[in-house]
2 protein chains.
Amino acid sequence: MLERINNLGYAVESVEAASDFYRVSFGVEPGASETVEEQGIVARMFRVGDSMIELIEPTHPDSPVGRFLAKRGEGFHHVAFEVGDIEATLAELKKHGVELVDSEPKVGARGALTAFLHPKGAFGVLTELVELPDRGR
Amino acid sequence: MLERINNLGYAVESVEAASDFYRVSFGVEPGASETVEEQGIVARMFRVGDSMIELIEPTHPDSPVGRFLAKRGEGFHHVAFEVGDIEATLAELKKHGVELVDSEPKVGARGALTAFLHPKGAFGVLTELVELPDRGR
């Protein structure tokens, strides 16, 4: 049911500084910065194979990523796995009593459906499920 | 130069418990447990698309992963990126003053060459580089 690592999210103080690091050191080409006000983040992504690395900077300290940075410092924030049928996956997780942040999928960027498991429910790893649109369902 | 996410490492108290979680909740099939004495770990892997998730349990508390668990608890431990030429990548990183754990590649499992960047050198993310063997070089 886990088809692919869609993205890894890294929480950083500055997406510009982190983008420069990955561009200069590894020759990757991060995309444009994107501000997502409702999540309180500025994000920039770059591709590694079939997956993306998402650099995430909080727009203000009192946002989830701002609080994450204050508590844990820069580093890994989340992993997002692509699944074929997010509703079925969530139903399975609920059946097994897995702790979820989102019990129902939300509509995310470009029409993807997404839901987070609670890190407590996944051995300390903040885990996102993503069902991409246009899968012909 | 970053060709693929080879694996994500998760530090866990019990690879058996974590394997059961991923098998039952997501239908993945973790491989056999492998003990790597010189690293002080027991590891089990499962595939997600082109990448692997590596569940890592310390063999004793006074090992790098044991100390990691004592300090941070269970969760994301490292990401490993495949590169085409690890020597060239390390030379580039040194040129830019990036902090490294391994300034020269080590020979790892199945003849792969590996080297770790220090998390301080990569925005808090423990980052491993992997050059796979049999690339016809």
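The sequence lines fix the lettering, A, B, ..., with proteins before strands; numbering per chain opens at 1. Just the heavy atoms: all of them, side chains too, but no hydrogens, waters or symmetry mates, feed the values below.
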Original post:
Can you name the nearest heavy-atom pair linking A/E87 to A/P105, along with the distance?
Top reply: OE2-CG, 3.9 Å
Original post:
Tell me the salt bridge (charged side-chain N to carboxylate O under 4.0 Å, His left out) pairs involving residues 27-47 of chain A, sequence neighbours left out?
Top reply: A/E16-A/R44
Subject >> Interface residue of largest heavy-atom contact number with chain B, from A/L55, A/V48, A/D50, A/L8, under 4.5 Å >> reply: A/V48
Original post:
Between B/D85 and B/E131, is any pair of side-chain heavy atoms under 4.5 Å apart?
Top reply: yes
**OP:** Check ring-ring contact (aromatic ring centres under 6.0 Å, His included) between B/F81 and all other residues, then give those that pass, not counting sequence neighbours.
**Re:** none
Original post:
Are there residues of residues 89-102 of chain A that reach to under 4.5 Å of chain B by heavy atoms, and which ones?
Top reply: A/T89, A/E92, A/L93, A/H96, A/V98
Original post:
With respect to chain A, which residue among B/I53, B/V79, B/I5 yields the maximal number of heavy-atom pairs within a distance under 4.5 Å?
Top reply: B/I5
Original post:
Do A/F68 and B/F76 sit in the same hydrophobic cluster, where Ile, Leu, Val, Met, Phe, Trp and Tyr count as joined when their side-chain heavy atoms come under 4.5 Å apart?
Top reply: no
**OP:** Could you tell me which portion of A/Y10 (side chain, backbone, both or neither) has an atom closer than 4.5 angstrom to a non-hydrogen atom of chain B?
**Re:** side chain
Original post:
Is chain B contacted by the side chain of A/V24, its backbone, both, or neither, given a heavy-atom distance below 4.5 Å?
Top reply: both
**OP:** Residue by residue, scan residues 115-122 of chain A and write down, ordered by number, those that have a heavy-atom distance under 4.5 Å to chain B; if none do, write 'none'.
**Re:** A/L117, A/G121, A/A122
**OP:** Heavy-atom distances under 4.5 Å only: say whether A/L129 touches chain B with side chain, backbone, both or neither.
**Re:** side chain
